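Values in this document were obtained by computation on a predicted structure and should not be read as measured data. Letters go in sequence order (proteins before strands), and every chain restarts at 1.
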Number of protein chains: 2
Amino acid sequence: MRPTARQVAELANVSVATVSYVLSGRDRPVAAETRQRVLDAARQLGYTPNQAARSLRKRRTQRVCLVLSSIGGVPSDERLARDLHEMADARGYSVVALAVYSEARANAAIDVLRGGIADGALINVVGDHLTHDLLSGLAATGLPMVVLSNESGLEGCDVVRTPETEACVEAVEHLLAQGRRRIAFLAHRHELYRDRPVGRLLGYTTALDRHGVTERIITSGADDRVAAYQTATELLRSPDRPDAIFAASDRAAISAIWAARDAGLSVPGDVAIVGAGNIDEGLITTPQLSTVGPLRHDYTDVVRLLFDRLQAEEAPPAREIVRSWTFLRRGSS
Amino acid sequence: MRPTARQVAELANVSVATVSYVLSGRDRPVAAETRQRVLDAARQLGYTPNQAARSLRKRRTQRVCLVLSSIGGVPSDERLARDLHEMADARGYSVVALAVYSEARANAAIDVLRGGIADGALINVVGDHLTHDLLSGLAATGLPMVVLSNESGLEGCDVVRTPETEACVEAVEHLLAQGRRRIAFLAHRHELYRDRPVGRLLGYTTALDRHGVTERIITSGADDRVAAYQTATELLRSPDRPDAIFAASDRAAISAIWAARDAGLSVPGDVAIVGAGNIDEGLITTPQLSTVGPLRHDYTDVVRLLFDRLQAEEAPPAREIVRSWTFLRRGSS
DNA sequence: CTGTTAGCGCTTTCAG
DNA sequence: CTGAAAGCGCTAACAG
């Protein structure tokens, strides 16, 4: 169905080798007139080289793979994807994205990667679908990869850490310092179904533990603006309503601000609200949203890690980047 | 680096053919004991078949490709992606996603598809990066594809239409019927840089034309919640503020509701607000958001189109689906 | 300057 | 029940 180099060669009256040299632009001297014939033939047939054959032969795909929890679930993924695409473009790579969603598909995604879909991978999957073993096994194949994860013991790849737990501790301590004692936490689902607290939830519990506050109000809702609004509304209309809400995502926190306003409560007077992620939208709420997160949303350093690895002669030592997360006090707390 | 079938074969003391038969599970009789030896050897070496080689040989990838404007830009993409993944899973396909972003990358994406990255494609790209010619050229290669587009003249593929223009006309006529005359439109960028109005913007201008209203207030902002908030704020604080805002996205419309409330205006008393897309979040605003959009967010019919095509013996005739879009009056208008 | 040829790693006849 | 061998479409020596 699709034309092959062979057909182009026949049409142009040259060998397939010449077709290959002309079209892949490798520096082999070829007569201008011949080159033109090949180009014409290729255009006429609508020829595009078969990537499977090419990468089988060259043993590289000129592709990188972005592995995410889902397509469009997490706001920061958008920036990560943009920055990756930008650098990939500049270095002549194309980008494909893979969504993990479930544990079953985590295995499938690993197989696709092991099957050689790309020369390298940038992995940002929250939750525990992509187990440590899966990741280690993949790294052990020699696939260049950089993983955004706070898990320990990841070897053979670059790791990007986000000290979110520490930053969340700081945020909750800030609330405690104001005298708030009934602090509710809106969690991401993936942080709830674990045997012990991790990540942002761990920040919450750690801060409370540290200050001898025993009350824990933990609900889900951070994954979803609507759920967050409903949860916050329930919380805020209950007789023993919290005096602070710490949400594991800014989106949920913003919903909480709206829930508070709609319930006739003042923020931060009646209830302080803090989010996580530092999305721009926090600047247009009334009051502006206090949050923990990165000061700048820039993943170029992360992305560079991957391309350094791809273009290195031999595998460089595993590197680690620690992204900076801080508490940003604004009007809502 | 990565083990090949040959190495598995040597370790198991069988031929590569046997390895292939055992691992790809095709129904060739093979002794239980031999099968086990192969399985063990494969496990021991951590063998995963090379997909490039496999699909070169089989002339199919068992993959489908989802082509989007961006990763995580459009809320409806999330549903589309989910539904596609679900059906792909059920039929034994994997899914890779491609983001187009710019015109340059549109060409790159087409090349990747022509290069045979997948057996079929589901394409949902707004704006004009993916030109009619690019799409037609791709369809002409025989690649099974379904395209979400209102453009006419797309041949050789299934097309999914969304009658958004008509639904938008209805929404604006509803505003006009209320006596609103200064109706502002918050547009998506891609609708602004065209020679003539299309899509949702066209709905806006058509309705106004039809009712002899000459005032046009067209701004950008629909792509971005923050920009929408700022734009709406400017609009609403100006001396000749609009009495209605029609936003090309619900996200922007919700920002506009906030902007109105923060400006001390009542919705819909002082200003009516209507969005587009019918996202769930419109149900938790105060007042609830009037919108145009689908009643149910379900893409299984769209996705089925693709898999029907993939699994058909010979190419079925091009089909067309028209998704239903309606005006949903709620509290904000 | 150009053609011939040997694979890349896999699947699938065809022989046994 | 299993192996040998051809070949998917391409690239890269090597030979001319």
Side-chain angles (χ1 to χ4, degrees), chain A residues 1-39 41-42 45-63 111-112 114-117 119 141-142, chain B residues 1-39 41-42 45-63 111-117 119 141-143:
Chain A
M1 183 84 231
R2 234 164 7 216
T4 71
R6 193 195 160 89
Q7 301 179 43
V8 176
E10 278 166 7
L11 185 58
N13 258 305
V14 295
S15 70
V16 286
T18 302
V19 171
S20 172
Y21 280 114
V22 168
L23 295 176
S24 58
R26 279 180 64 83
D27 55 345
R28 174 212 244 219
V30 36
E33 193 259 354
T34 310
R35 142 169 285 111
Q36 197 53 51
R37 273 211 321 279
V38 171
L39 258 20
L45 295 177
Y47 171 72
T48 309
N50 179 322
Q51 290 300 329
R54 171 177 283 198
S55 54
L56 176 59
R57 177 65 234 237
K58 301 186 69 166
R59 323 181 104 231
R60 47 207 302 249
T61 59
Q62 289 291 335
R63 274 199 290 254
D111 274 352
V112 169
R114 297 179 69 114
I117 200 177
D119 297 334
T141 67
Chain B
M1 183 84 230
R2 230 159 17 211
T4 72
R6 193 195 160 88
Q7 301 177 45
V8 176
E10 278 166 6
L11 185 57
N13 258 305
V14 296
S15 69
V16 287
T18 300
V19 171
S20 173
Y21 279 115
V22 168
L23 294 177
S24 58
R26 278 180 63 80
D27 55 347
R28 177 212 243 218
V30 37
E33 193 259 354
T34 310
R35 143 170 285 111
Q36 198 52 53
R37 274 212 320 279
V38 170
L39 258 21
L45 295 176
Y47 172 71
T48 308
N50 178 321
Q51 289 300 331
R54 169 178 286 198
S55 56
L56 176 59
R57 177 61 232 239
K58 299 186 70 164
R59 322 183 103 229
R60 46 193 287 165
T61 59
Q62 288 290 334
R63 272 198 291 252
D111 275 351
V112 169
L113 286 167
R114 297 179 69 114
I117 200 176
D119 297 334
T141 66
L143 182 75

Could you state the atom-to-atom distance from [atom1] of [X] to [atom2] of [N] in whole Å?
X	N	atom1	atom2	value
B:Q51	D:dC8	CD	C1'	15 Å
B:R54	C:dT12	CZ	C1'	13 Å
B:K58	C:dT13	NZ	P	11 Å
A:I117	C:dG9	CD1	P	18 Å
A:Q62	D:dC10	CD	C1'	15 Å
B:R57	C:dT11	CZ	C1'	5 Å

With rounding to the nearest 0.5 angstrom, report the [atom1] to [atom2] distance, [X] to [Y].
X	Y	atom1	atom2	result
A:K58	A:S24	NZ	OG	6.5 Å
B:R28	B:R35	CZ	CZ	11.0 Å
B:R54	B:R60	CZ	CZ	11.0 Å
A:T18	A:L23	OG1	CG	10.5 Å
B:D119	B:L143	CG	CG	8.0 Å

Given [options], the nucleotide with the shortest approach to the side chain of [X]:
X	options	result
B:N50	D:dG3, C:dC10, C:dG3	C:dC10
B:R28	C:dG7, D:dG3, D:dA6	D:dG3
B:L56	D:dT11, C:dC10, D:dC8	D:dC8
B:S15	D:dA4, C:dT11, D:dA12	D:dA4

Sub-4.5 Å side-chain heavy-atom contact between A:V30 and A:Y21: no
Non-hydrogen side-chain atoms of B:V38 and B:L11 separated by less than 4.5 Å: no
Under 3.5 Å: donor-acceptor pair, side chain of A:R2, backbone of A:N50: no
Donor-acceptor contact present, side-chain A:R63 to main-chain A:I117, <3.5 Å: yes
Sugar-phosphate, base or nothing in reach of A:V14, heavy atoms under 4.0 Å: sugar-phosphate
Sugar-phosphate only, base, or nothing, as touched by B:S20 at under 4.0 Å among non-hydrogen atoms: base
Nucleic acid contacts of residues 29-37 of chain B, taken as heavy-atom distances under 4.0 Å to DNA chain C: none
B:Y21 or A:A53, whichever maps to the more 5' nucleotide of DNA chain D: B:Y21
Presence of A:R59 side-chain N/O under 4.0 Å of C:dC8 phosphate oxygens OP1/OP2: no
Short side-chain N/O contact from A:T18 to OP1 or OP2 of C:dC1, under 4.0 Å: no
Residues from residues 3-13 of chain A lying under 4.0 Å of DNA chain D - heavy atoms: A:T4, A:A5
Shortest non-hydrogen separation from A:G46 to A:P3 and the atoms involved: O-CG, 3.9 Å
